[in-house]
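Remarks on the structure that follows.
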Amino acid sequence: MTRATTTTDLVAGLRAAGVGAGTPVGVAWSADGVGLAHGDALLACPGDGVDAVRRVLEALRPRLVWWSARDATPLVRAGVRVASSWDLAATHCLLHGGSDRDPALVWAVARGLDPAHRPRTGQLDLLAGGPAPGSADDPVDPAEPVRPDGHLRPGWAEHGPPTPEAAARWAAAALVVQAAHERDLGVLPDTRRSPGTPALALLTAWSESAAELLAVELGVRGLPLDRATAIRLVEERVGPRPVDAVTAAAARAGRDDAVRALVPGAEDVDLRNPASVRALLGRVGIDVPDTRAWRLEPFRGTHPLVAALIDWRQAERIATTYGFGWLDRDVGPDGRLRGSWTGCDGAAGRMTASAGLHNLPAELRPAVAAEPGMLLVRADLGQVEPRVLAAVSGDDALARATGDDDLYAPVAARLAVDRPTAKVAVLAAMYGQTSGAAGEALRGLERAYPVAMDYLRAAHESGAAGRDVTTYGGRRVRMWPLAEPVDPAATAARGRFARNAVVQGAAAELFKMWAVSVRAALPPRAEVVLCLHDELLVHAPEQEADQVAALLHDVLGSTAARWAAGSGVRFVADVSVVRRWSDAKG
DNA sequence: GATTTCACGTA
DNA sequence: CGTACGTGAAATCC
């Protein structure tokens, strides 16, 4: 253990240990400094850890290894853009599936220990955590993160290592896991890739790590919102901001009364109670199993109540979820809408976001606007899932169809059906839909694209049988046990889930690789501000917007060439430069 | 008080 | 009998 009191010592120590560009270097924070590790070199640096890491990045360009990209937060807040990282929580989820990713679990699995015996966080610590580290009952070195039984010592993940020395050991433990993960990724099957290029699973690990880092950045910087427009749009729907609870209740009752007045004697019906609404509909002769909008839609002409109810629901959505409370809570004084982001969900690996960032109603999108002197560059992948299917299944016939800007046109021609039918059939195949009018066209797909259809069927059968599936990039997607006696519907549902997961998951991997490559290539003042499954929003200086637009196309080309190497599949993006999100056609 | 159901927004 | 997510209100469970 070396205590580096200057950043010069720190850089020299790492360089002497063989650290250069791309070398994994463990990093962990303590309250009063930072610890770094590579091989046998453990460096404890008290003081301004952020500045120390910044100097190390500038001098050596290593790949920072952390237990989770949450550790990037101090760097992100300080404006440090980390180029290369390894996120153990992310690679753990990639390799093993599931959504649990606490360090004790990640460590236990990587070390071959029984995760059930790992130390638990929170109150359970008090019951099962044993004596306090370093206490008279615990002779172990208090800076040692590994317990005598081989498990991680609880508590550090929550509160951080107590000292820079302890942080260096925590960083060294992270490096141990990183090496195990890299080894495990290396044994994943990797077909159709050029010799000499990094294995796809390793590229995915890098990309997923960067996506977690991007998620932290997105959470810190937020989405630029024009508050005045947002307020106007909310007011148009639910009226002016109520000054107190009484006026709020009055406005609410006013909206309710406008609907209830359409049916005599309905003055006291609770519109927020689905059972009451269903009964109300029954009184005007409309019998529905539930009161969802899509089920009410066919009855628009039957009674004025239906249209009023659907409209009321939209207003109610704005009033409750996207109203003044939302603006007050989630939009900062700087006009940025902030939520918490994750780099991957627990299922197929899409990014998630809270605070409405992923489900903002279209009618509020005009409020998402570039700041003065800036523009938004919006880009979305076109028909990404069928193109991904062509790549991951290795279906050459479907790959040829991706040469067309509109993939469904050549598919329709091949199947001798019209375009809408072809589209429905392809989507039905990928999502496991079995009802509707896609039947004949589905049989056409089986004949025209047997490789792709076999790939989907194999995933479906695997899921139905309870076997985990693995995405193209190497993500393990876990199935779940079914309750006895096994319900055929539940089996089929698991099959559909697996069938969808291999497509949606691979699409998420491609999207994230694109997003993080864009992030890495952007000019300094341009920032990714939103990721939405197949859509990217970049906030860029006016003068650089066209350059960024070109970059989005270029980076997609290079990313797809690496990701889908040898498949012949073409990916396309629609890119536009706009002031407001809504200016772009989605 | 915590969990489930219904509903609905996005992809 | 398409998948996933996050959110809020009411109902339900304990």
Side-chain angles (χ1 to χ4, degrees), chain A residues 99 215 223 237 252 256 270-278 288-297 309-323 325-326 329-330 337 339-365 368 380-385 388-389 423-436 438 442 456 459-460 463-464 469 471 477 487-508 511-512 530-537 581-582 586:
Chain A
S99 52
L223 179 68
R237 268 298 186 168
R252 210 166 97 126
D256 297 0
D270 181 1
L271 298 179
R272 291 166 192 80
N273 181 330
S276 304
V277 171
R278 182 166 176 267
V288 279
D290 61 64
T291 70
R292 290 177 163 84
W294 64 268
R295 220 185 271 283
L296 298 184
E297 200 61 49
L309 201 52
I310 291 170
D311 192 61
W312 176 91
R313 283 251 178 86
Q314 286 181 348
E316 183 72 4
R317 170 71 53 191
I318 300 290
T320 54
T321 307
Y322 300 105
W326 168 69
R329 185 183 62 244
D330 297 327
L337 170 60
S340 57
W341 288 76
T342 69
C344 85
D345 61 28
R350 279 182 165 185
M351 297 180 82
T352 68
S354 66
L357 284 156
H358 272 180
N359 45 7
L360 199 67
E363 61 178 311
L364 291 181
R365 291 193 178 188
V368 176
D380 76 298
L381 299 176
Q383 303 168 338
V384 62
E385 291 190 341
V388 160
L389 174 61
K423 180 175 176 176
V424 166
V426 170
L427 294 175
M430 289 190 298
Y431 299 159
Q433 184 187 340
T434 52
S435 69
L442 270 171
L456 293 170
H460 190 109
V469 293
T471 65
V477 180
D487 174 11
T491 303
R494 209 168 53 180
R496 282 195 306 274
F497 171 78
R499 173 192 291 258
N500 182 252
V502 292
V503 176
Q504 190 186 97
F511 172 79
K512 282 188 266 184
L530 187 75
C531 294
L532 188 44
H533 308 317
D534 66 353
E535 183 171 357
L536 268 178
L537 216 49
W581 194 11
S582 54

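Basis for what follows: all heavy atoms, side chains included, without hydrogens, waters or symmetry-related copies. Numbers restart at 1 for each chain; the letters A, B, ... are given by sequence-line order, proteins then strands.
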Is the A:His358 ring parallel, tilted or perpendicular to the A:His533 ring (thresholds 30°, 60°)?
tilted

Rounded to the nearest 0.5 Å, what separation is found between the CG atom of A:Leu357 and the CG atom of A:Asp330?
8.0 Å

Can you tell me the distance, in whole Å, between the CZ atom of A:Arg295 and the P atom of B:dC8?
11 Å

Taking protein heavy atoms under 4.0 Å as touching, what does nucleotides 4-10 of chain C look like 5' to 3' if B marks base contact, S marks sugar-phosphate-only contact and - marks none?
SSBBSSS

Which pairs with one or both residues in residues 340-363 of chain A pass salt bridge (Lys or Arg N to Asp or Glu O under 4.0 Å), sequence neighbours excluded?
A:Arg237-A:Glu363, A:Arg350-A:Glu385

CH2 of A:Trp294 versus P of B:dG9: gap in Å, rounded?
14 Å

Hey, does A:Arg365 reach any base, or is it just sugar-phosphate, or nothing, if we go heavy atoms under 4.0 Å?
sugar-phosphate

Just verifying a value: how many Å separate A:Ile310 CD1 and A:Thr291 OG1, rounded to the nearest 0.5 Å?
10.0 Å

Output the rounded distance in Å from CZ (A:Arg494) to P (C:dG2).
19 Å

Does either side chain, that of A:Asn359 or that of A:Tyr322, offer a donor lying less than 3.5 Å from an acceptor on the other one?
yes

To the nearest 0.5 angstrom, please state how far the CG atom of A:Leu536 sits from the NZ atom of A:Lys512.
13.0 Å

Rounding to an integer number of Å, can you tell me how far A:Trp326 CH2 sits from B:dT10 C1'?
13 Å

From A:Met430 CE over to A:Arg496 CZ, what is the distance, rounded to the nearest 0.5 angstrom?
15.5 Å

Whole-Å distance between B:dA7 P and A:Glu297 CD?
15 Å

Once you apply a heavy-atom cut-off of 4.0 Å, does A:Leu360 come out as touching a base, just sugar-phosphate, or nothing?
sugar-phosphate

Select base, sugar-phosphate, or nothing to describe what A:Ala362 touches, counting heavy atoms under 4.0 Å on all strands.
sugar-phosphate

Any side-chain N or O of A:Arg313 below 4.0 angstrom from OP1/OP2 of B:dC8?
yes

What nitrogen or oxygen pairs link the protein and nucleotides 3-5 of chain B at under 3.5 Å?
none

Once rounded to the nearest 0.5 Å, what's the spacing between atom CG of A:Leu389 and atom CD of A:Gln504?
13.5 Å

So CG of A:Leu530 and CH2 of A:Trp581: to nearest 0.5 Å the spacing works out to 5.0 Å

Distance, rounded to the nearest Å, where A:Lys512 contributes NZ and B:dA11 contributes P:
18 Å

Between CG of A:Leu537 and P of B:dA11 the distance, given in whole Å, is 12 Å

note: A:Leu296, atom CG; B:dC6, atom P; distance rounded to Å ~ 15 Å

